[in-house]
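Remember, predicted model here, so these are calculated numbers, not experimental data. Reminder, nothing fancy here: chain letters follow the sequence lines and each chain counts from 1.
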Protein chains: 2
Amino acid sequence: MSSARHDRQETIKKATQLFWEKGFHATSMRNLQDVIDLRPGSIYASFGSKEGLFRETLQCYANSSLERLAKHAASLPPLDALKAFITESVSTAKGSSPSDMCMLAKTVAELTQDNAELLAEAKRLLKTIEVAFTELAAKAQQQGALDKDKDPQRIASFLQMQLMGLKAYSRATDGKANIKALIDDAFAGLS
Amino acid sequence: MSSARHDRQETIKKATQLFWEKGFHATSMRNLQDVIDLRPGSIYASFGSKEGLFRETLQCYANSSLERLAKHAASLPPLDALKAFITESVSTAKGSSPSDMCMLAKTVAELTQDNAELLAEAKRLLKTIEVAFTELAAKAQQQGALDKDKDPQRIASFLQMQLMGLKAYSRATDGKANIKALIDDAFAGLS
DNA sequence: CACTCGTTTGAGCGGTCGTTCAATATTAGC
DNA sequence: GCTAATATTGAACGACCGCTCAAACGAGTG
């Protein structure tokens with residue numbers, strides 16, 4: 001269980017791509033077997049179930065999102081980092097990435113109480129991203145880039161909501177819409 | 001085919017509730033058979049396939065959305081009607097309605113090219129709602145409630161994006177978030 | 001009431017689903 | 001190089017999927 005012959009991280013990455021593209025229900029185990037090149041026994045020995053594997057892909061996705069955000073925060077002022085992160089999230093979603101949607105938002109949209117644990121996990125991971133937003137918003141206030149009378153929490157939830165809306169709208173319009181204008185409008189009330 | 005013994009509209013309504021709640025893939029025909037109280041033969045005689053029935057539920061959902069919007073537009077100034085519609089869409093979604101999500105946005109998020117026709121239909125219906133937004137935005141400009149140098153098309157797409165984001169965020173937070181504040185923030189740039 | 005013809009029924013089809021487990025292959029320790 | 005321990009394989013399982021169709025039903029007509 002602990003020392004697998006295959007590269008666990010690599011396996012999760014490949015599974016993430018597939019789940020992200022097709023969603024939980026539309027992805028079959030046989031689909032996964034082909035993509036991650038493992039037979040059912042190995043998958044179940046490593047991850048326990050389809051749900052178990054999916055949970056790890058959610059965490060993988062959330063981690064890489066947080067890393068992207070941190071990368072921008074390291075080289076840009078907080079508010080610019082937030083805008084850069086959101087712009088990147090929405091626009092890179094148009095081409096190379098599996099779906100145009102946020103995988104966590106897509107999961108929250110798809111799942112019901114029939115998969116309560118996965119639904120709760122996706123919500124929890126979204127919250128961790130929002131917390132990172134809150135920290136950056138607070139930092140922006142300290143640096144005077146943002147009104148100090150605004151609640152950083154409220155700004156963070158607003159940005160999270162914008163990100164969800166932007167990705168969903170981008171997908172609904174096949175990226176034909178003027179996304180850049182929409183992002184500018186979204187940030188208009190802040191800067 | 002044309003004269004069914006069951007109430008076709010009532011059947012579609014019930015199916016809409018179920019599809020809206022669980023999504024296309026997670027809703028089984030046996031599920032539907034129970035809810036709409038028809039046996040498979042009748043369903044296939046009336047709607048042809050699961051996809052055919054789903055398509056009609058999408059149209060049913062879009063129509064009732066457009067009717068709600070028209071209802072508000074009949075008794076309120078254009079901009080207030082838009083805000084009332086969005087507020088209603090997001091807040092009624094918290095309780096009685098099947099999902100907290102917009103059924104069309106949920107469908108666009110869930111489906112892939114494996115169901116290309118349904119995906120295209122959901123996108124098309126979203127666009128019809130956006131067109132209604134555009135008309136109201138233009139009317140608001142004529143009445144001086146909105147800057148005339150803003151493109152009504154751009155305002156409409158912004159509002160559509162906001163609506164998608166609000167519903168998705170509301171679902172992700174179990175409606176615990178301060179949705180009213182978010183709506184105010186969303187409209188802050190307009191009024 | 002008998003006949004007609006479109007509607008409804010529901011058992012059941014072929015296929016795919018997530019999952020299991022005995023058999024096999026691979027590695028690590030001596 | 002043998003053995004014990006562990007990872008991997010893949011055929012197969014029961015359950016459920018979307019869907020079909022011969023048979024039963026029932027409203028309208030004469």
Side-chain angles (χ1 to χ4, degrees), chain A residues 1-58 107 110-119 121, chain B residues 1-58 107 110-119 121:
Chain A
M1 165 86 189
S2 52
S3 75
R5 212 116 57 200
H6 64 270
D7 183 341
R8 204 162 194 282
Q9 280 313 114
E10 192 58 32
T11 296
I12 293 172
K13 249 186 186 170
K14 287 178 186 168
T16 303
Q17 298 293 310
L18 189 61
F19 273 130
W20 187 4
E21 181 192 340
K22 319 223 324 170
F24 179 72
H25 284 118
T27 301
S28 72
M29 288 304 292
R30 281 160 181 84
N31 235 181
L32 280 162
Q33 290 164 34
D34 294 342
V35 168
I36 70 184
D37 195 31
L38 283 176
R39 262 38 63 199
S42 291
I43 301 176
Y44 281 82
S46 269
F47 302 100
S49 65
K50 185 188 179 186
E51 294 205 8
L53 174 54
F54 187 66
R55 179 185 294 106
E56 300 225 31
T57 66
L58 288 178
T107 298
E110 178 187 359
L111 297 187
T112 65
Q113 289 305 322
D114 296 345
N115 304 98
E117 277 186 39
L118 291 177
L119 181 55
E121 179 67 4
Chain B
M1 165 88 190
S2 53
S3 76
R5 212 117 59 199
H6 64 271
D7 183 341
R8 203 164 194 279
Q9 279 313 114
E10 192 59 31
T11 298
I12 293 172
K13 250 185 184 170
K14 288 178 187 166
T16 304
Q17 298 293 309
L18 189 61
F19 273 130
W20 188 2
E21 180 192 340
K22 318 228 315 173
F24 179 72
H25 283 118
T27 301
S28 72
M29 288 305 291
R30 281 160 180 84
N31 235 183
L32 281 163
Q33 289 164 34
D34 294 342
V35 168
I36 69 184
D37 195 31
L38 283 177
R39 263 35 66 196
S42 291
I43 301 177
Y44 281 82
S46 270
F47 302 100
S49 65
K50 185 187 180 187
E51 293 205 7
L53 175 53
F54 187 66
R55 179 185 293 107
E56 301 225 31
T57 67
L58 288 178
T107 298
E110 179 187 358
L111 297 187
T112 64
Q113 289 305 322
D114 295 346
N115 305 98
E117 277 186 38
L118 291 177
L119 181 54
E121 179 67 2

**Q** Rounded to the nearest angstrom, tell me the gap between atom CZ in Phe47(A) and atom P in dT8(D).
**A**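 So the two atoms are 10 Å apart, to the nearest Å.
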**Q** Show me the side-chain donor-acceptor pairs of residues 37-44 of chain A shorter than 3.5 Å, one per line, residues at least two apart or across chains.
**A**
residue, atom, partner, partner atom, Å
Asp37(A), OD1, Arg39(A), NH2, 3.2
Arg39(A), NH2, Asp37(A), O, 3.3

**Q** What is the distance from atom CG of Leu119(B) to atom OG1 of Thr107(B), rounded to the nearest 0.5 Å?
**A**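 Interatomic distance, Leu119(B) CG to Thr107(B) OG1, rounded to 0.5 Å: 9.0 Å.
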**Q** Distance check, rounded to the nearest 0.5 Å: Gln17(B) atom CD versus Thr57(B) atom OG1?
**A**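 Atom-to-atom, Gln17(B):CD and Thr57(B):OG1 are 10.5 Å apart.
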**Q** dC17(D) P sits how many Å from Asp34(B) CG, rounded?
**A**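 It is 10 Å, rounded to the nearest whole Å.
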**Q** At how many degrees, to 10°, do the end axes of the helix from dC1(C)-dG30(D) to dC30(C)-dG1(D) meet when each uses five pairs?
**A**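 Its terminal axes enclose an angle near 10°.
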**Q** Could you tell me the separation between the CG atom of Leu18(B) and the P atom of dG18(D), rounded to a whole number of Å?
**A**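 Answer to the nearest Å: 11 Å.
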**Q** Using a 6.0 Å cut-off, check whether atom CD of Glu117(B) has over 12 heavy atoms from anything other than its own residue.
**A**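 Not buried by this count: 12 neighbours or fewer within 6.0 Å.
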**Q** In whole angstrom, give the distance that lies between atom CG of Asp7(B) and atom P of dT7(C).
**A**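 Rounding to the nearest Å, CG of Asp7(B) and P of dT7(C) are 15 Å apart.
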**Q** Hey, are Asp114(A) and Lys22(B) close enough for a salt bridge, meaning a charged N less than 4.0 Å from a carboxylate O?
**A**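 The answer is yes: the pair qualifies as a salt bridge.
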**Q** Output all residues satisfying side-chain hydrogen bond (donor to acceptor under 3.5 Å, both in side chains) with Glu51(A), sequence neighbours left out; order by chain, then residue number.
**A**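 So Glu51(A) forms a side-chain hydrogen bond (donor to acceptor under 3.5 Å, both in side chains) with Asn115(A).
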**Q** Find the distance Arg39(B):CZ to dC21(D):C1' and express it as a whole number of Å.
**A**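 The answer, rounded to whole Å, is 17 Å.
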**Q** Tell me the closest heavy-atom pair linking Ile36(B) and Ala15(B), and the distance in Å.
**A**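 Minimum heavy-atom separation between Ile36(B) and Ala15(B): CG2-N, 3.8 Å.
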**Q** Please confirm whether the shortest side-chain N or O distance from His6(A) to OP1 or OP2 of dA7(D) is below 4.0 Å.
**A**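 His6(A) to dA7(D) OP1/OP2: no side-chain N or O under 4.0 Å.
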**Q** Lys50(B): what forms a side-chain contact (heavy atoms from CB on, under 4.5 Å) with it, not counting sequence neighbours?
**A**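 Residues passing side-chain contact (heavy atoms from CB on, under 4.5 Å) with Lys50(B): Phe19(B), Phe24(B), Met29(B).
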**Q** Tell me, please, which residues at least two apart from Glu10(A) pass salt bridge (Lys or Arg N to Asp or Glu O under 4.0 Å).
**A**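 Checked Glu10(A) against salt bridge (Lys or Arg N to Asp or Glu O under 4.0 Å); zero matches.
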**Q** Nucleotide by nucleotide, 5' to 3', does protein get under 4.0 Å of the base (B), only the sugar-phosphate (S), or neither (-) in nucleotides 13-28 of chain C, counting heavy atoms?
**A** ----BBBBB----BS-
**Q** Between Leu38(A) (CG) and dA7(D) (C1'), how many Å, whole number?
**A**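 Those two atoms, CG and C1', are 10 Å apart.
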**Q** Return the value, rounded to whole Å, for the distance between atom CG of Asp114(B) and atom C1' of dG18(D).
**A**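 My rounded result for the distance is 15 Å.
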